[in-house]
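Here is the structure we will look at, set down as structure tokens.
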Amino acid sequence: MRIVRPAELDSAARAIEAGELVIVPTARWYMICADASNTDASGSIFKGKRRPSGKSLAYVAPSLAVCEKHFQLGAEARKLAETFWPGDLALLLPWRNPEDAAQHAAVGSPALTTIAPGVLGELAARAKVPVAATTANISGDAGPDDLGPAVTLDEVHVFLAASGLTVSVIVDGGVCPAANHMTIVDCFTPEAKLVRTGLVHQRAVTAALGREVRAS
């Protein structure tokens, strides 16, 4: 396992392409990443996190053009993408091609899709394979002693010890300050629905769409 600085991100991209796991920082917390089309690599994340198979990883698109190539964006999905991407918002989007959905089962159908800012977004742009990501923590109900996803390198190591996962590269981003989730909006139907609030406020989603949007 190598610990590198963000300036050395190419090593993380090459590891993803080789079917290995990497961990990178975001403003929210550290994320564990794999090739979204590699069943074994993505599957190991589900196993290590004890994550239910129906709870998808996020598909981190490198650009809006790539996103449009693979997914159908309705009028409201496009408004949200143009307003908040790159950013802390994920959209549930229908695949254009059923074969693509089958090849990327780890990110679901509809797929939980985002264009990320910072190191995670740069990793997606540099990797020659699609990137799937999720928080670096064990899944389950949060108890009073559960810290939640890792926000420091020490917490990343605690997660790795608990999960038994082998990671090739960790990108050191220091302390992740926000400690909050991405907002999720369901755009599978023409009228978008707020699934989970997070760093992108419900009022911001309402303002972008020009109509009141409530959590479903």
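None of these values were measured; they are calculated from a predicted model.
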Inset, instruction - Kindly compute the distance separating CG (Asp186) from CZ (Arg196), expressed to the nearest 0.5 Å. - result: 13.0 Å

Legend entry - Electrostatic pair Arg14:Glu17 at N-O distance under 4.0 angstrom: yes

Inset, instruction - Report the C-alpha distance between Asn38 and Val129 in whole Å, list the side-chain angles of each, state the deciding distance to 0.1 Å, and finish with yes or no for side-chain contact (heavy atoms from CB on, under 4.5 Å). - result: CA-CA 9 Å; Asn38 186 315; Val129 295; over 6 Å; no

Inset, instruction - Check whether Tyr30 and Val175 end up in the same hydrophobic cluster, where Ile, Leu, Val, Met, Phe, Trp and Tyr are linked by side-chain heavy atoms less than 4.5 Å apart. - result: no

Legend entry - Phe71 and Pro94, any side-chain heavy atoms less than 4.5 Å apart: no

Inset, instruction - Determine the minimum heavy-atom distance between Gly48 and Ile138, stating which atoms define it. - result: O-CD1, 3.4 Å

Inset, instruction - Return the minimal non-hydrogen interatomic distance between Pro86 and Pro117, and the atom names on each side. - result: CB-N, 3.7 Å

Inset, instruction - Quick one: pull up CG in Leu123 and CE in Met31 and give me the separation to the nearest 0.5 Å. - result: 11.0 Å

Legend entry - Shared hydrophobic cluster, Val195 / Leu89 (ILVMFWY, side-chain heavy atoms < 4.5 Å): no

Legend entry - Closest approach of Leu199 to Thr183 (non-hydrogen atoms, all atoms of both residues): N-OG1, 3.7 Å

Legend entry - Any side-chain heavy-atom pair of Gln103 and Asp100 under 4.5 Å: yes

Inset, instruction - Look at the rings of His181 and Trp29 and say which category their plane angle falls in: under 30° parallel, 30 to 60° tilted, over 60° perpendicular. - result: perpendicular

Inset, instruction - Decide whether Leu112 and Val107 are clustered together by the hydrophobic rule: side chain heavy atoms of Ile, Leu, Val, Met, Phe, Trp, Tyr closer than 4.5 Å, transitively. - result: no

Legend entry - Glu76 to Ala192 - nearest heavy-atom pair and separation: OE1-N, 2.7 Å

Legend entry - Student check: side-chain heavy atoms of Pro25 and Asp172 closer than 4.5 Å: no

Inset, instruction - Mind checking salt bridge (charged side-chain N to carboxylate O under 4.0 Å, His left out) for Arg203 and listing every partner two or more places apart, or none if nothing turns up? - result: none

Inset, instruction - Kindly say whether Glu212 contributes a backbone atom to a donor-acceptor pair with the side chain of Thr206 at under 3.5 angstrom? - result: no

Inset, instruction - Output, in order, the C-alpha distance, side-chain angles, deciding distance and verdict of side-chain contact (heavy atoms from CB on, under 4.5 Å) for Val213 and Arg211. - result: CA-CA 6 Å; Val213 179; Arg211 65 173 180 83; 3.7 Å; yes

Inset, instruction - Measure the spacing between CG of Leu92 and OG1 of Thr189 and express it to the nearest 0.5 Å. - result: 10.0 Å

Inset, instruction - Compare all side-chain heavy atoms of Leu21 with those of Ile45 and state whether any distance is below 4.5 angstrom. - result: yes

Inset, instruction - Is it possible for you to say whether Val22 and Val171 belong to one hydrophobic cluster, with membership spreading through side-chain heavy-atom contacts below 4.5 Å? - result: yes

Inset, instruction - Side-chain contact test, heavy atoms from C-beta onward, threshold under 4.5 Å: evaluate it for Gln72 versus Trp95 and give yes or no. - result: no

Inset, instruction - Determine the minimum heavy-atom distance between Ala12 and Val169, stating which atoms define it. - result: CB-CG1, 4.1 Å

Inset, instruction - Apply side-chain contact (heavy atoms from CB on, under 4.5 Å) to Cys67 and Tyr59, showing your working. - result: CA-CA 10 Å; Cys67 185; Tyr59 180 102; over 6 Å; no

Inset, instruction - Taking the side chain as every heavy atom from C-beta outward, state whether Val131 and Asp35 have any atom pair closer than 4.5 Å. - result: no

Enumerate, atom names and distances included, each donor-acceptor pair closer than 3.5 Å involving a side-chain atom of residues 154-166, sequence neighbours excluded.
{"from": "Glu155", "atom 1": "OE1", "to": "Val151", "atom 2": "N", "distance (Å)": "2.8"}
{"from": "Ser163", "atom 1": "OG", "to": "Phe159", "atom 2": "O", "distance (Å)": "3.1"}
{"from": "Ser163", "atom 1": "OG", "to": "Leu160", "atom 2": "O", "distance (Å)": "3.3"}
{"from": "Ser163", "atom 1": "OG", "to": "Leu165", "atom 2": "N", "distance (Å)": "3.2"}

Legend entry - Pairs meeting criterion salt bridge (Lys or Arg N to Asp or Glu O under 4.0 Å) with involvement of residues 42-62, two or more places apart: none

Inset, instruction - Quick one: pull up CG in Leu57 and OG1 in Thr134 and give me the separation to the nearest 0.5 Å. - result: 5.5 Å

Inset, instruction - Using a 4.5 Å cut-off on heavy atoms from C-beta on, say whether the side chain of Phe46 contacts that of Ser139. - result: no

Inset, instruction - Examine distances only and state if a side-chain atom of Glu8 and a backbone atom of Arg5 form a donor-acceptor pair shorter than 3.5 Å. - result: yes

Inset, instruction - Working to the nearest 0.5 Å, report the span between CG of Leu91 and OG1 of Thr113. - result: 7.0 Å

Inset, instruction - Spell out, yes or no, whether Ile115 and Phe84 are grouped together once hydrophobic residues are joined by side-chain heavy atoms under 4.5 Å, including indirect joins. - result: yes

Legend entry - Side chain to side chain, Arg126 and Asp10, heavy atoms closer than 4.5 Å: yes

Legend entry - Nearest-0.5 Å distance, CZ of residue Arg78 to CG of residue Leu64: 6.0 Å

Inset, instruction - Go through the steps for Arg96 and Glu68 under the test salt bridge (Lys or Arg N to Asp or Glu O under 4.0 Å), then give the verdict. - result: CA-CA 9 Å; Arg96 290 190 179 277; Glu68 290 175 319; over 6 Å; no

Inset, instruction - Give the intermediate values and the outcome of side-chain contact (heavy atoms from CB on, under 4.5 Å) for residues Arg28 and Asn180. - result: CA-CA 5 Å; Arg28 302 184 311 278; Asn180 198 353; 5.6 Å; no

